[in-house]
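Values below: every heavy atom of this structure, side chains too, minus hydrogens, waters and symmetry copies.
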Amino acid sequence: MSTDEGLIGHVPYLRRFARALTGSQTLGDACVVAAIEGILAGKADNAPARIALYRSVLAKVDALEARPMITEVPSSQVVDPVQRNLAALTPVGRQAFLLMAMEEFSLQDAALVLEMSPDEVSSLLEDANQDIASQLATDVVIIEDEPLIAMDLEQLVQGLGHRVVRVARTERQAIEAVKQTRPGLVLADIQLADGSSGLDAVNEFLRMFPVPVIFVTAYPERLLTGMKPEPTFLISKPFQADALKAVISQALFFNLRSRPARA
């Protein structure tokens, strides 16, 4: 693969993909950097640029999974919960699901990335769907000012077995909703009804209450700048239902605080 085939244009999506797999901005970005360094050093095959890039990122993620990640640390330090979960991190079925649902690869191209046959990938996808369906239900707050989009999100979330406890349309409502309901998951837009910011709302309630957040926005590039802490979980509008389902599963998988919804 030549290095002038639009590599830079793929980087935001590679970062999104790697973060969804690892559940960590730091680990995900490290995998992408290592993959790109390998390609620039001439260690990539002759596959098309996009396939070679994703294949290289997956190789770096697989390397993380293959080595022990839990190490002795001083008692004064906090072990990252993601590291404690790396032994169970993202089986290849989840990789196949995310390649197709979130990154919108065809079955044939996903098979090329994974270096498997299309039939093998189809089998992995069936297993991944069962795994996703088996996730524990949790309480969800939706931060979205467009009623139709909020309704679509609510129906999707409820279809997965979760319970929507509040829909917020402004920054103030969002902060109060999370403070009062203490959900297991938040879906958040950036631009809200009164001109306030969903991002500001998230930053505010995360200082009070740690909870996984999935941003659902028409402007993902505004959050993938590399200049400040960025969201691990991000879906572009108009969203694909399967893509959002996959990311919800990943967000809950990597969050130790997720809990069943109350009856």
Before accepting this row, confirm whether a basic side-chain N of the pair Lys237/Glu144 lies closer than 4.0 Å to the acidic partner's carboxylate O.
yes
Thinking salt bridges, do Glu176 and Arg166 make one under a 4.0 Å N-O criterion?
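Looking at Arg166 together with Glu176, the answer is no, because their closest N to O distance does not fall below 4.0 Å.
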In chain order, what residues pass the side chain to side chain donor-acceptor pair (under 3.5 Å) check against Glu120, with sequence neighbours excluded?
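For Glu120, the residues satisfying side chain to side chain donor-acceptor pair (under 3.5 Å) (neighbours in sequence not counted) are Ser117.
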Minimum heavy-atom distance between [X] and [Y], given as atom pair plus value:
X      : Y      : answer
Ala52  : Ile39  : O-CD1, 4.3 Å
Leu192 : Arg169 : CB-O, 3.4 Å
Thr170 : Ala193 : CG2-CB, 4.4 Å
Glu171 : Ser196 : N-OG, 3.0 Å
Val165 : Val141 : CG2-CG2, 3.8 Å
Leu107 : Ser122 : CD2-OG, 3.5 Å

Are [X] and [Y] packed together at the side-chain level, in the sense that at least one heavy-atom pair is separated by less than 4.5 angstrom?
X      : Y      : result
Ile143 : Asp189 : no
Val92  : Met116 : yes
Arg15  : Val11  : yes
Leu21  : Leu58  : yes
Phe209 : Arg182 : yes
Leu185 : Val213 : no
Val178 : Pro183 : yes
Asp152 : Leu156 : no

Residues, nucleotides or ligands: over 12 heavy atoms within 6.0 Å of Met151 CE
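It does not: Met151 CE has 12 such atoms or fewer within range.
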Counting heavy atoms not belonging to Gln240, are there more than 12 under 6.0 Å from its CD?
no
Linking I/L/V/M/F/W/Y whenever their side-chain heavy atoms sit closer than 4.5 Å, directly or via other members, would Phe17 and Val33 fall into one cluster?
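Each belongs to a different hydrophobic cluster.
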Could you grab the distance from atom [atom1] of [X] to atom [atom2] of [Y], nearest 0.5 Å is fine?
X      : Y      : atom1 : atom2 : result
Glu154 : Arg163 : CD    : CZ    : 12.0 Å
Asp109 : Leu99  : CG    : CG    : 10.0 Å
Ser56  : Ile51  : OG    : CD1   : 13.5 Å
Asp145 : Gln191 : CG    : CD    : 8.5 Å
Glu204 : Leu199 : CD    : CG    : 12.0 Å
Ile248 : Thr138 : CD1   : OG1   : 11.0 Å

Could you walk me through whether Arg55 and Leu112 pass the side chain to side chain contact (heavy atoms under 4.5 Å, CB included) test, one step at a time?
CA-CA 8 Å; Arg55 186 184 289 170; Leu112 289 175; 4.2 Å; yes
Give a yes or no answer on whether the side chain of His162 reaches the backbone of Val140 with a donor-acceptor pair at less than 3.5 Å.
no
Before giving the answer on side chain to side chain donor-acceptor pair (under 3.5 Å), spell out for Glu103 and Tyr54 the whole-Å C-alpha distance, their side-chain angles and the decisive distance to 0.1 Å.
CA-CA 10 Å; Glu103 301 304 317; Tyr54 279 83; 2.6 Å; yes
Assess the pair Phe215 and Phe233: is the distance between their ring centroids shorter than 6.0 Å?
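Ring centres of Phe233 and Phe215 not closer than 6.0 Å.
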side-chain contact (heavy atoms from CB on, under 4.5 Å) partner of Val186, chosen from Ile142, Asp139, Leu206, Val211:
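When Ile142, Asp139, Leu206, Val211 are each tested with Val186, the side-chain contact (heavy atoms from CB on, under 4.5 Å) holds only for Val211.
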Quick check with a 6.0 Å cut-off and a 45 degree axis cone: is Arg50 positioned over the face of Phe105's six-membered ring?
yes
